[in-house]
There are 2 protein chains.
Amino acid sequence: MDSQSTIRALAALAQEHRLAAFRLLVQAGPEGMAAGAIADALEVPASSMSFHLAQLAHAGLVSQQRRSRSIIYAADYAVMNALMAYLTENCCGGASCASDAACSPIQSAERNVA
Amino acid sequence: MDSQSTIRALAALAQEHRLAAFRLLVQAGPEGMAAGAIADALEVPASSMSFHLAQLAHAGLVSQQRRSRSIIYAADYAVMNALMAYLTENCCGGASCASDAACSPIQSAERNVA
DNA sequence: CCGATATTTCGATGAATATAGAAATATGAG
DNA sequence: CTCATATTTCTATATTCATCGAAATATCGG
């Protein structure tokens, strides 16, 4: 994952309706959801939702697949995991930051925000 | 972590110079770096970098601390981990998506992008 | 083919964001 | 107190983004 595609993915998620749509798809699982169902659930006009779904797809965060008259969207977890990996890459310059329990992407977020 | 703070964090990272600065701080570790050093490393004017660092700080992704004439910035890993947790929350509706090896935030990104 | 359904593309408008020089603020040294 | 250093705030401009109705495209049933 390079800088440009990372920015595209982050920008895609940094918007109210797109973040909501993505989370909805994450919860929907591999089955996915039709574009119309997503628009209905989030109470966003179809044309607006289409605009946002296109950006999520362009960023690779969701896949689209036509099924009859509907287009089914589904979350792609791999891209999001790649995102996280890119952000924490070469953490602490490779030094032993495990002592601080800071670099591990697995730990829960309990540290104080200074 | 709620929707608004998540969007703020994602938007903060979705910009070339801010993403580069954050990654630089992640690699710098707990020691952090002075604002001027970051601006020099990324070849961005000081006033522009200050604008970007303020946004990262407002999103909680970095902390700032004055040390003599310098202001030292350091990455806060907890917020980023909280970010990832929020995105994958209630994945697959809680069903057994482990069979698909899709929901785990730990796995490496090797699945095909459909 | 024709009508109904599902979704996308187009187009215009208003809002938010990035940029960088100049001026202002804060700290330390002599 | 004064000068030098480090960073931020101010200000203006150019670019990008979100919105949503209307029209266009694609698919299915009869």
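Numbers restart at 1 for each chain; the letters A, B, ... are given by sequence-line order, proteins then strands. Small disclaimer: the values here were computed from a predicted structure and weren't measured.
Contact of the B:T88 side chain with the A:M80 side chain is registered, since non-hydrogen atoms from C-beta on lie closer than 4.5 Å.
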TODO: Could you walk me through whether B:L61 and B:Q55 pass side-chain contact (heavy atoms from CB on, under 4.5 Å), step by step?
DONE: CA-CA 9 Å; B:L61 288 162; B:Q55 294 204 47; over 6 Å; no
Task: Derivation of the side-chain contact (heavy atoms from CB on, under 4.5 Å) call for B:R18 and B:F51 - done: CA-CA 10 Å; B:R18 289 197 294 267; B:F51 167 78; 4.3 Å; yes
Open item on the list: side-chain contact (heavy atoms from CB on, under 4.5 Å), that's the test. Do B:L13 and A:T6 meet it? Break it down for me.
Closed with: CA-CA 9 Å; B:L13 290 171; A:T6 300; over 6 Å; no
- [ ] Apply the test side-chain contact (heavy atoms from CB on, under 4.5 Å) to residues A:Y77 and B:C91: give CA-CA distance (whole Å), side-chain angles for both, the deciding distance (0.1 Å), then the verdict.
- [x] CA-CA 10 Å; A:Y77 306 92; B:C91 174; 3.6 Å; yes
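Here the P atom of nucleotide D:dA6 and the CD1 atom of B:I72 are 11 Å apart, to the nearest Å. As rounded to whole Å, 12 Å separates atom P of D:dA6 from atom CZ of B:R66. Rounded to an integer number of Å, the gap from CZ of B:F51 to C1' of D:dA12 is 14 Å. Between A:I71 atom CD1 and D:dT27 atom C1' there is a gap of 10 Å when expressed in whole angstrom units. Taking atom CZ of residue A:R67 and atom C1' of nucleotide D:dA26, one finds them 17 Å apart after rounding to whole Å. With rounding to whole Å, A:Q65 atom CD is found 13 Å from D:dT27 atom P. At whole-Å resolution of the value, CD in A:Q55 and P in D:dT19 are 10 Å apart. When the P atom of D:dA6 is taken as reference, atom CE of B:M49 falls 17 Å away, rounded to whole Å.
As judged by a 4.0 angstrom heavy-atom cut-off over every strand, B:S70 is placed among residues touching the sugar-phosphate backbone only. Residue-level contact check: B:E16 touches neither bases nor backbone, having no heavy atom under 4.0 Å from any strand. Across all strands, B:A34 comes closer than 4.0 Å only to sugar-phosphate atoms, never to a base (heavy-atom distances). If you check every strand for non-hydrogen atoms under 4.0 Å, A:S68 touches sugar and phosphate atoms only. Base contact: A:A46 has a heavy atom under 4.0 Å from a base atom. Counting any heavy atom pair closer than 4.0 Å across all strands shown, A:S47 reaches a base atom.
Here the closest heavy-atom approach between residue B:P30 and residue A:C92 is recorded as CD-SG, 4.1 Å. When all heavy atoms of A:I7 and B:Q15 are compared, the closest pair comes out as CD1-C, 4.0 Å. A:Y73 and A:A35 get closest at one heavy-atom pair: CE1-CB, 3.9 Å.
Applying the side chain to side chain contact (heavy atoms under 4.5 Å, CB included) test between B:L87 and each of A:V26, A:L19, A:L83 identifies A:L19 as the sole match.
Taking every nucleotide of DNA chain C with any atom under 4.0 Å from a non-hydrogen atom of chain B, the first and last of them, 5' to 3', are C:dA18 to C:dG28.
Mapping A:R69 and A:Y73 onto DNA chain C by nearest heavy atom places A:R69 closer to the 5' end of the strand.
Summary of helix geometry: the two end axes of the helix from C:dC1-D:dG30 to C:dG30-D:dC1, each defined by five base pairs via their C1' atoms, are inclined to each other by 30° (rounded to 10°).
Crowding of A:Q65 atom CD: a count of heavy atoms from other residues, nucleotides or ligands under 6.0 Å not exceeding 12.
Residue A:Q15 places at least one side-chain N or O under 4.0 Å from the OP1 or OP2 atom of D:dT19.
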